[in-house]
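Whatever order the structure lists ligands and atoms in, that order sets their numbers, starting from 1. In what follows, residues are counted from 1 in the order of the sequence shown.
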Amino acid sequence: MRYLTFALGKGRLAKKTLELFEQIGITCEEMKEKDSRKLIFVNEELKLKFFLSKGPDVPTYVEYGAADIGIVGKDTLLEEGRKLYEVLDLEFGNCRMCVCGPETAKDLLQHHELIRVATKYPNIAKDYFYNKKHQTVEIIKLNGSIELAPIVGLSEVIVDIVETGSTLRENGLNVLEEICPLSARMVVNQVSMRMENERITNLIHALKQVL
Ligand SMILES: Nc1ncnc2c1ncn2[C@@H]1O[C@H](COP(=O)(O)OP(=O)(O)OP(=O)(O)O)[C@@H](O)[C@H]1O
Ligand SMILES: O=P(O)(O)OC[C@H]1O[C@H](OP(=O)(O)OP(=O)(O)O)[C@H](O)[C@@H]1O
């Protein structure tokens, strides 16, 4: 039997993913070691392999077939637009993609002004403003601390993830418009879905039982 491979993001979703897998009897003790720099883990008994990659790279590993299965946020799937099957909503990592900014920016949105939008998610922002709202905007790509942008005058609004709302609150910003809800998803390579159909289908069934 060949190894079934999983690409997991190293960030926020990793711990919850491992907890969920444990509930269906998939364990990888080695992966829980603190401060480990290892990136690949093997469960010989179950013939499983786990890769730890950057979250946004998970869909890339899965599309190319370097991993059969990936666990990744819906935001990353929407942003990366890779060809793969999204098979399961894992119901954790819940948050929202939103347009945020100071209350004063509400008017600019309502009147479809030419505004600057800072974001880590340029494709999601483009799709929202161009295709859904038909508003021309200038998108400015940032890599983190997005909330800074409207405060220091880089942009009028941001498109970013809101979970508890603390980051917005502590920086005097608000949710102005909601784009979509997000959560962790399981994705599968299109060829693997055919070649390893039984194992993957069993896995999906087992996960559905505990969700
Ligand atoms: N408060 C939150 N902020 C960011 N992401 C969140 C939050 N809550 C849940 N998520 C989900 O967790 C996923 C993983 O986020 P995480 O911040 O760990 O970064 P990442 O995708 O690994 O990227 P990076 O390493 O560039 O930060 C996100 O893609 C999102 O779906
Ligand atoms: O609503 P909250 O619970 O405050 O969570 C949302 C914040 O968390 C994320 O940032 P992250 O911590 O990933 O840091 P980053 O700014 O480096 O992207 C996101 O980009 C928001 O800034």
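Other residues, nucleotides and ligands contribute more than 12 heavy atoms inside 6.0 Å of the NZ atom of K133. The number of heavy atoms from other shown groups lying within 6.0 Å of NZ (K10) is above 12. Annotation for E45: atom CD does not count as buried by contact number, only 12 or fewer foreign heavy atoms lying within 6.0 Å. Within a 6.0 Å radius of OH in Y61, no more than 12 heavy atoms belonging to other residues, nucleotides or ligands are found.
For atom 14 (O) of ligand 2, no protein heavy-atom neighbour is present inside the 4.0 Å cut-off.
Relative orientation of the F21 and F50 rings is tilted, given thresholds of 30° and 60° on the angle between their planes.
Heavy-atom contacts of K120 reach the following atoms of ligand 2: 18 (O) (cutoff under 4.0 Å). Close contacts between ligand 2 and E147 involve ligand atoms 21 (C), 22 (O) [criterion: under 4.0 Å to a heavy atom]. Of all atoms in ligand 2, listed by their number and element, those nearer than 4.0 Å to a heavy atom of S145 are 15 (P), 16 (O), 17 (O).
For atom 6 (C) of ligand 2, the closest non-hydrogen atom on the protein side is I161 O, 3.3 Å. The protein atom (non-hydrogen) at minimum distance from atom 4 (O) of ligand 2 is T167 OG1, 2.5 Å. Atom 10 (O) of ligand 2 has its closest protein heavy atom at R12 NH2, 4.3 Å. In terms of protein heavy-atom proximity, atom 3 (O) of ligand 2 is closest to T164 OG1, 2.5 Å.
Transitive grouping of hydrophobic side chains (ILVMFWY, heavy atoms separated by less than 4.5 Å) brings I71 and L48 into a common cluster.
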N or O contacts of ligand 1 with protein under 3.5 Å, please list pair by pair.
| from | atom 1 | to | atom 2 | distance (Å) |
| --- | --- | --- | --- | --- |
| ligand 1 | 1 (N) | E163 | OE1 | 2.8 |
| ligand 1 | 3 (N) | R12 | NH1 | 3.3 |
| ligand 1 | 17 (O) | R12 | NH1 | 2.6 |
| ligand 1 | 18 (O) | R12 | N | 2.6 |
| ligand 1 | 22 (O) | G55 | N | 3.4 |
| ligand 1 | 25 (O) | K54 | NZ | 3.0 |
| ligand 1 | 29 (O) | D75 | OD1 | 3.2 |
| ligand 1 | 29 (O) | D75 | OD2 | 2.6 |
| ligand 1 | 31 (O) | D75 | OD1 | 2.4 |

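Note that OH of Y128 and CG of L78 are 14.0 Å apart. Values are rounded to the nearest 0.5 Å.
Within the structure, ligand 2 lacks E170 among the residues with a heavy atom less than 4.0 angstrom away.
Donor-acceptor pairing under 3.5 Å is lacking for the side chains of S183 and N94.
At a heavy-atom cutoff of 4.0 Å, ligand 2 is contacted by the side chain of D160 but not by its backbone.
Taking both residues in full, the closest heavy atoms of A67 and N189 are given as O-CB, 3.9 Å, listed atom of the first, atom of the second, then distance. The two residues A118 and I146 come nearest to each other via the heavy atoms O-CG2, 3.6 Å.
For the pair E63/E80, no side-chain contact is recorded, criterion being any heavy-atom separation below 4.5 Å from C-beta on.
Ligand 2 has an N or O atom lying under 3.5 Å from an N or O atom of G165, backbone or side chain.
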